[in-house]
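Any value given below was found using the heavy atoms of this structure, including those in side chains, with hydrogens, waters and symmetry copies removed.
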Amino acid sequence: MKYLRQFCIILFVSFLGEILYMVLPIPVPASVCGLLLMFLALCTGILKPEQIGETADFLIEIMPVMFIPAAAGLLDSWPSLQPVWLPVVLITVLTTVLVMAVTGQVTQRMIRREKQRRKGEQDEPYVD
């Protein structure tokens, strides 16, 4: 029953994202609106990670299975993709490498900043 409740919460936030997409004239997909709403709900404390944690972990674990229909759709679209497959592959590889590099740099900077913050806390004398 706990998993059903958690799944319903996730679906409700996704539904709110769909409504937001229909109401606001923004060029952002409804799924991204739902993710932003979930992020805001978690950051503000409206939702606690414990309220959706197990179901979210399950959905992340089965995420590769969700790509099977998309891959099958690509196979069906092969006649349309055949003339442009090389540029598509090159763009996909280059952007993947770029995203990995930027993510790595941002992560390293965040780790360094956290280490400096902790070192600064240790250097401060104890004041009574």
Would you be so kind as to tabulate the donor-acceptor pairs closer than 3.5 Å made by side chains of residues 5-16, with sequence neighbours excluded?
unit_1 : atom_1 : unit_2 : atom_2 : d
Q6     : OE1    : E54    : N      : 3.4
Q6     : OE1    : T55    : N      : 2.9
Q6     : OE1    : T55    : OG1    : 2.9
Q6     : NE2    : E54    : OE1    : 2.7
S14    : OG     : I10    : O      : 3.1

Taking only residues at least two apart or on different chains, which pairs with a member in residues 93-113 satisfy salt bridge (charged side-chain N to carboxylate O under 4.0 Å, His left out)?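 Listed once each, the pairs would be none.
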
What residues form a side-chain contact (heavy atoms from CB on, under 4.5 Å) with L75, not counting sequence neighbours?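 For L75 there are no side-chain contact (heavy atoms from CB on, under 4.5 Å) partners, ignoring immediate neighbours.
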
Considering only distance and modelled atom types, tabulate donor-acceptor pairs under 3.5 Å from the side chains of residues 79-88, sequence neighbours left out.
none

Path from W78 to L74 over hydrophobic side-chain contacts below 4.5 Å: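 Per the 4.5 Å side-chain linkage, W78 and L74 are co-clustered.
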
Who else is in the cluster with [X] when I, L, V, M, F, W and Y are joined by side-chain contacts under 4.5 Å?
X: L4; answer: M1
X: V106; answer: L98, V102, M110
X: I91; answer: none

Return each pair, listed once, that meets side chain to side chain donor-acceptor pair (under 3.5 Å) where at least one residue sits in residues 95-107; pairs must be two or more places apart or across chains.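 Every candidate side chain to side chain donor-acceptor pair (under 3.5 Å) pair involving residues 95-107 fails, so no pair, neighbours aside, qualifies.
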
Run the salt bridge (charged side-chain N to carboxylate O under 4.0 Å, His left out) test against E61 and tell me which residues pass, sequence neighbours left out.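 Salt bridge (charged side-chain N to carboxylate O under 4.0 Å, His left out) list for E61, sorted by chain: empty.
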
List in chain and number order the residues that pass salt bridge (charged side-chain N to carboxylate O under 4.0 Å, His left out) with R117, two or more places apart in sequence or in another chain; answer none if no residue qualifies.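 Counting only residues at least two positions away or on another chain, R117 forms a salt bridge (charged side-chain N to carboxylate O under 4.0 Å, His left out) with E114, E121.
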
Contacts under 3.5 angstrom, residues 28-51 side chains, donor-acceptor by atom type, not counting sequence neighbours:
unit_1 : atom_1 : unit_2 : atom_2 : d
T44    : OG1    : L40    : O      : 2.8
T44    : OG1    : A41    : O      : 3.4
K48    : NZ     : G45    : O      : 3.0
Q51    : OE1    : K48    : N      : 2.6

